[in-house]
Amino acid sequence: MIPKRFRRLAAAAAVAVVGLGALAACGDGGDDEATAGPVKLRFLSLAWQKESLQANKDLVAKWNAEHPDIQVEYVQGDWNSVHDQLLTSFEGGDAADIVHYEASAIGEFSKQGYLADLKDLIPGDLKSQIDQGVWDTATFDGQVAGVPFLLESQVVIANKKLLDAAGVAVPPADGGWTWDEFQANAQKLTKPGQFGVAWALKSPTNRVLNLALNYDGKFFYTDGGKTEVKIGDAEKEVPKRIHDMIYTTKTASPEALGMSGADTLPGFFGGKYAMLPGSVSLRQQMVEQAPAGFEWVTLPPVKGLSSKQAANPQTLSISADSKHKEQAAQFIAYFLNPTNMAALAKGDWLVPTGKQANEELVKLTKGEQGWDVAADSAADLTVAPFQMADGYPEWKTKYATPALQQYFANKITLDQLASQLVDGGKQVLR
């Protein structure tokens with residue numbers, strides 16, 4: 001999934017979208033060009049935030065200064081239009097050598113043969129820095145289609161003064177609450193005019209399926225090459241708990257159901273909601289938008305049977321048509337060394353995939369503004385079955401999102417929700 005903050009804010013970033021010609025892979029002149037001068041590579045980047053843009057461009061400039069024989073041209077892309085641009089440029093054989101995208105989107109390009117298999121191109125020290133579960137998100141039919149480098153976990157942002165007033169202690173970065181504790185503390189934080197939680201569920205599917213991994217809820221099951229949607233107790237656990245918070249204990253605000261994460265901020269800053277479950281990137285808006293004197297904290301992911309969540313990392317891939325795959329891999333390894341990966345993560349308010357990069361990021365930020373929690377959350381991010389299902393985007397849009405919205409609006413029962421999700425799977429997964 002493309003992070004919603006990218007879809008919402010990319011246009012506001014006023015990033016110019018390059019024409020298809022600008023995506024052209026260098027090396028058009030063939031092997032003769034390689035002998036006439038330095039190897040030339042094009043790097044299509046989707047960085048858009050000010051600090052992230054600067055970090056990307058600085059790293060490319062530094063590489064070029066240190067590697068006169070391999071020169072990289074920075075090409076600016078845009079999250080809103082890159083998918084169609086890439087499809088056209090891949091089909092036309094003129095894609096950039098190095099492509100920035102995300103794990104959930106590169107599978108189709110890999111299966112169509114547009115991306116190089118990186119298994120033997122990426123050095124061992126970079127491979128060992130990233131957990132296998134994260135590598136699995138970018139591996140399709142046994143081929144590694146991209147190097148995962150930035151992650152987005154789900155945490156809880158809380159109003160520190162309201163926690164203190166209710167006697168709710170902030171858990172350590174590596175010790176998040178269980179779901180039972182989270183719900184009990186939401187009760188303590190609920191009083192007239194104040195809800196313990198605001199679940200922003202305008203687009204509920206990714207969040208529900210993501211958190212369902214807390215209880216080993218898979219939703220998509222594959223047997224003998226056939227994939228189908230199944231809903232059992234594990235899949236029902238998270239939606240039921242959220243529903244209970246809204247309608248049984250009344251600790252979650254019903255008005256937040258149609259909101260995005262950003263929509264909840266005025267109420268949060270005004271003391272209407274004590275806690276906001278959301279993306280780790282929400283911390284940036286806390287820093288930029290919170291009123292003077294507002295105290296907020298980042299709480300670790302909640303735990304069920306585990307704290308597992310789905311990982312959909314941003315990735316760097318190499319075009320199958322690139323004439324300089326080895327040099328492109330050298331650039332990627334440089335671009336994603338621990339220090340550089342930490343800088344890129346900081347610029348995007350996301351979590352680096354590399355273990356050493358995580359350590360460097362915590363040192364760089366002193367763990368402040370929730371960076372200690374963000375770094376620690378990386379250990380629980382892994383591939384989820386829905387990410388590997390070819391029909392997931394259609395199932396999500398046509399069936400899951402409408403059904404979950406009805407359920408959270410209390411218009412259908414949990415069993416009816418399950419039936420709609422299963423029936424939708426039968427329509428899509430043929």
Side-chain angles (χ1 to χ4, degrees), residues 3 6 10 13 15-16 18 22-23 25-27 38-79 82 95-103 106 116 118 121-123 125-127 129-130 134 138 146-152 281 284 313-319 322 324-365 371 374-375 378:
F6 290 141
V15 176
V18 293
L23 295 180
C26 48
V39 167
K40 295 180 181 179
L41 303 172
R42 285 186 181 267
F43 167 37
L44 174 64
S45 170
L46 299 178
W48 63 274
Q49 299 198 79
K50 183 178 180 180
E51 189 176 348
S52 180
L53 275 169
Q54 194 61 53
N56 274 258
K57 292 179 178 179
D58 286 349
L59 289 176
V60 169
K62 186 177 179 184
W63 164 274
N64 286 336
E66 297 175 4
H67 300 81
D69 56 336
I70 306 174
Q71 294 291 286
V72 175
E73 179 183 352
Y74 181 93
V75 180
Q76 187 63 62
D78 181 87
W79 280 99
V82 69
D97 298 89
I98 302 154
V99 174
H100 176 190
Y101 209 4
E102 61 178 355
I106 62 175
L118 305 182
L121 290 171
I122 300 302
D125 56 349
L126 177 54
K127 289 180 183 177
Q129 285 290 314
I130 301 171
V134 178
V147 180
F149 71 106
L150 294 180
L151 293 161
E152 190 161 19
S281 63
Q284 179 183 17
Q314 293 182 37
T315 54
L316 293 182
S317 301
I318 297 176
S319 170
S322 173
H324 307 293
K325 295 182 182 65
E326 290 186 5
Q327 291 90 339
Q330 290 174 34
F331 171 75
I332 289 176
Y334 173 92
F335 192 76
L336 299 182
N337 72 36
T339 299
N340 293 343
M341 190 188 289
L344 293 167
K346 183 175 181 294
D348 259 328
W349 291 83
L350 296 176
V351 184
T353 57
K355 300 180 183 70
Q356 189 177 336
N358 253 316
E359 295 172 1
E360 293 199 15
L361 183 56
V362 173
K363 290 179 182 177
L364 178 66
T365 61
W371 281 112

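Keep in mind the model is a prediction, meaning the values are calculated, not measured.
Taking CD of Gln49 as the reference point, atom CD of Gln54 lies at 13.5 Å (rounded to 0.5 Å). Summarising the geometry, atom CG belonging to Asn64 is positioned 11.0 Å from atom CG belonging to Leu59; distances are rounded to the nearest 0.5 Å. Interatomic distance, CD1 of Ile318 versus CD1 of Ile98, reported as 6.5 Å (0.5 Å rounding). In this structure, Asn358 CG and Gln356 CD are separated by 10.5 Å, a value rounded to the nearest 0.5 Å. Rounding to the nearest 0.5 Å places CG of Asp58 at 10.5 Å from CD of Glu51. Atoms CG and CH2, from Leu364 and Trp371 in turn, are 9.0 Å apart once rounded to the nearest 0.5 Å.
Residues His100 and Phe149 place their aromatic rings such that the two centres sit under 6.0 Å apart. Ring to ring, Phe335 and Trp63 are not that close: their centroids are 6.0 angstrom or more apart.
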Show, in sequence, the C-alpha distance, side-chain angles and deciding distance for Val82 and Val99, and conclude whether the side chain to side chain contact (heavy atoms under 4.5 Å, CB included) test is met.
CA-CA 10 Å; Val82 69; Val99 174; 5.8 Å; no

Yes or no on side chain to side chain contact (heavy atoms under 4.5 Å, CB included) for Asp69 and Val39, after CA distance, side-chain angles and deciding distance?
CA-CA 6 Å; Asp69 56 336; Val39 167; over 6 Å; no

What's the verdict on side chain to side chain contact (heavy atoms under 4.5 Å, CB included) for Leu121 and Ile332, showing C-alpha distance, side-chain angles and the deciding distance?
CA-CA 10 Å; Leu121 290 171; Ile332 289 176; over 6 Å; no

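Closest approach of Ile122 and Lys127 over heavy atoms only: O-CE, 3.1 Å. Between Thr353 and Pro148, the closest heavy-atom pair is OG1-O, 2.8 Å. Of all non-hydrogen atoms in Asp97 and Arg42, the two that sit nearest each other are OD1-N, 3.0 Å. The nearest pair of heavy atoms linking Pro313 to Val134 is CG-CG1, 4.2 Å. Nearest approach of Pro38 to Ile70, heavy atoms of both residues: CB-N, 4.4 Å. For Ala345 against Pro352, the heavy-atom pair with the smallest separation is CB-CD, 3.5 Å.
Side-chain atoms of Gln76 come within 3.5 Å of backbone atoms of Ser45 as a donor-acceptor pair (strictly under, hydrogens ignored). Using modelled atom types, one side-chain atom of Trp79 and one backbone atom of Leu46 make a donor-acceptor pair closer than 3.5 Å. Looking at Asn340, its side chain does come within 3.5 Å of a backbone N or O of Tyr334 through a donor-acceptor pair.
Between the side chains of Ser317 and Tyr101, no donor-acceptor pair is found at a separation under 3.5 Å.
Counting heavy-atom neighbours within 6.0 Å of Lys325 NZ, excluding the residue itself, gives a total above 12.
Looking only at side-chain heavy atoms (C-beta outward), Gln314 and Leu350 come within less than 4.5 Å of each other.
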